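Bear in mind that the values here come from a model prediction, so they are computed numbers and not experimental data.
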2 protein chains.
Amino acid sequence: MAQLDESLLTDLPPFSALDRAQIRAILDQATPKRYDHESAIFHEGQDADRFFLLLDGYLRVIRTTPEGEQIIALHISPGQLFGIAPALQRDTYPATAMAATESLALSWPVRLWEEFTQNYPSFATETYKTLGARLGEMQTRITELATQAVERRVAAALLRLVSQSGRKVDGGVEIAFPITRQNISEMTGTTLHTVSRLLSAWEKSGIVKSARKRIVVTDPHRLLLLSGAQS
Amino acid sequence: MAQLDESLLTDLPPFSALDRAQIRAILDQATPKRYDHESAIFHEGQDADRFFLLLDGYLRVIRTTPEGEQIIALHISPGQLFGIAPALQRDTYPATAMAATESLALSWPVRLWEEFTQNYPSFATETYKTLGARLGEMQTRITELATQAVERRVAAALLRLVSQSGRKVDGGVEIAFPITRQNISEMTGTTLHTVSRLLSAWEKSGIVKSARKRIVVTDPHRLLLLSGAQS
DNA sequence: GCACAAGTTTGAGGCAGAACAACGTTGCCT
DNA sequence: AGGCAACGTTGTTCTGCCTCAAACTTGTGC
């Protein structure tokens, strides 16, 4: 693994207002760790003793129902804080974080949380902004689940994935990490069968192109219409 | 309206660590206001220039879809802070707050938010705890909507209402504010017809008793079973 | 006290999407 | 290179719940 470098953090919102010495101090207290594809960073209910920053890779944040079904609450992209239970005065993690690709994250013990927020006001501010955005996204998903038909929900989920982790490829925008039909069904509250049928239909009409664990959106505009956006 | 009194706040978590003089100072800067039944405190998208504390009554926090359907995101009970967009660095309210009964709330201009959180650490702490609880509840609702059948969701919604605002009456626990079948359908993503049928069935088997805009849960235990809780 | 509106109940029918089932495909591991 | 498991597709059946429809009930304002 490469040596930790100040340049990793300088451009990220929580740290962008800090000087080199401050970033150095933060970095010196961080523990970097690599996570294998499909391995867990922490589990739901586990003691929340650290908070994290994703440097590279993608994560899925998952909740499991009593019946054993999983639903994906959230995806984490590089540069985002996660596992920030301490910010909400929680002492256990409310969900499980899994690496959707091989990933690299920094973490700090929770006792540093208070120190960071007190010494670096922009750190607290940015964190709560992130939290506000997540809360808003969750409200939107509740509304969607409660009112929209499956096709719209799946279309909206794809658009969200693309906006959060889209990378340009020839002929469209690709979701930057491996994702299965099952995964998408766990984001939208449907079955992998229904997702498969939808993707097949969309591929026929030239809206997406998909392969195993890979999805490229070729016509975001038509997908937006399917998602029910007002024209 | 009664004169504002320190005793209104002393027992509430955000203020319980403060002394009389501090509470007096906070109270002196507050604007109290009464809201009629079914009137709005603020609207979705509106400039978030104040934050609020509900002293008496009950509120519904509502989101409206582009198609005009409403869904109820949250209920607010006496003693809770609401409209705390500033805590999340938002400049507009993400939802509409409506009085479910005649209600009384205090409010402060957002510029005092920073002052409060800086001067009274326990205020910030308690607020973020509340936020954490709401986030957790929203996750649970997403999971429910994505995986559970309608009957379970409605049962769970009733139990949540009872735990948040239940008042003992003879023969059971009553939801403390007027609530229609339509309202419950807007909490659970179903139709008023389905809710009506469920309540009728439950009334026949002695689990609830209901009248117009009034619901009494007579057998919480059986409702808990219906909600899918593991025994 | 009557009329009207708002809330509720109940019935009947249809359909989106879940459940069940079977087969095809691709990548990975030895 | 071959075998196997994970992933994906597609067809068929079935049902939970929405939709449409109509009547009933209860509070409320004139």
Open item on the list: Can you see if the side chain of T180(B) gets near the phosphate of dA6(C) - specifically, an N or O under 4.0 Å from OP1 or OP2?
Closed with: no
Open item on the list: Rounded to whole Å, how long is the line connecting atom CD of E69(B) with atom P of dT19(D)?
Closed with: 8 Å
- [ ] Give me the one residue out of H75(B), E38(B), Q70(B) that meets side chain to side chain donor-acceptor pair (under 3.5 Å) with R60(B).
- [x] E38(B)
TODO: Go through the N and O atoms of the side chain of H193(B) and the base of dT19(D), and report whether any donor-acceptor pair is under 3.5 Å.
DONE: no
TODO: State whether E186(A) and R181(A) are salt-bridged, where the test is any N-O pair (Lys NZ or Arg NE/NH1/NH2 against Asp/Glu carboxylate O) under 4.0 Å.
DONE: no
- [ ] Taking all non-hydrogen atoms of both residues into account, name the closest pair between L27(A) and E6(A) and its distance.
- [x] CD2-N, 3.8 Å
Open item on the list: If I take atom NE2 in residue H37(B) and atom P in nucleotide dT28(D), what distance separates them, rounded to the nearest angstrom?
Closed with: 10 Å
TODO: Applying ring pair (Phe, Tyr, Trp, His ring centres under 6.0 Å) between F82(A) and each of Y58(A), F52(A), Y93(A), report the one that passes.
DONE: F52(A)
- [ ] Could you tell me the separation between the CD atom of E151(B) and the P atom of dC17(D), rounded to a whole number of Å?
- [x] 8 Å
Task: dT9(C) base / R197(B) side chain donor-acceptor hit below 3.5 Å - done: no
- [ ] Among dC17(D), dT9(C), dG17(C), find the nucleotide with the atom closest to the side chain of A149(A).
- [x] dG17(C)
Task: Whole angstrom value for the distance that separates P of dC18(D) from CD of Q148(A) - done: 14 Å
Open item on the list: Less than 4.0 angstrom between a side-chain N/O of T190(A) and OP1 or OP2 of dA18(C), yes or no?
Closed with: yes
Task: Separation of atom CH2 in W202(B) from atom C1' in dT8(C), rounded to whole Å - done: 16 Å
TODO: Take the protein atom CG of L192(B) and the nucleotide atom P of dT9(C), then report the distance between them rounded to whole Å.
DONE: 10 Å
TODO: Give one of base, sugar-phosphate or nothing for L199(A), where a contact means two heavy atoms less than 4.0 Å apart.
DONE: nothing
Task: Pairwise 5' ranking along DNA chain C for E203(B) and T191(A), keeping only the more 5' one - done: E203(B)
TODO: Take the protein atom NZ of K213(B) and the nucleotide atom C1' of dT28(D), then report the distance between them rounded to whole Å.
DONE: 11 Å
TODO: Please confirm whether any donor atom in the side chain of R212(B) sits under 3.5 Å from an acceptor in the base of dG27(D), or the reverse.
DONE: no
Task: Residues R152(A) and E67(B) bridged, charged N to O under 4.0 Å - done: yes
Task: Phosphate OP1/OP2 of dT10(C) contacted by S196(B) side-chain N/O (<4.0 Å) - done: no
Task: E38(B) CD - dT28(D) C1' separation (whole Å) - done: 15 Å
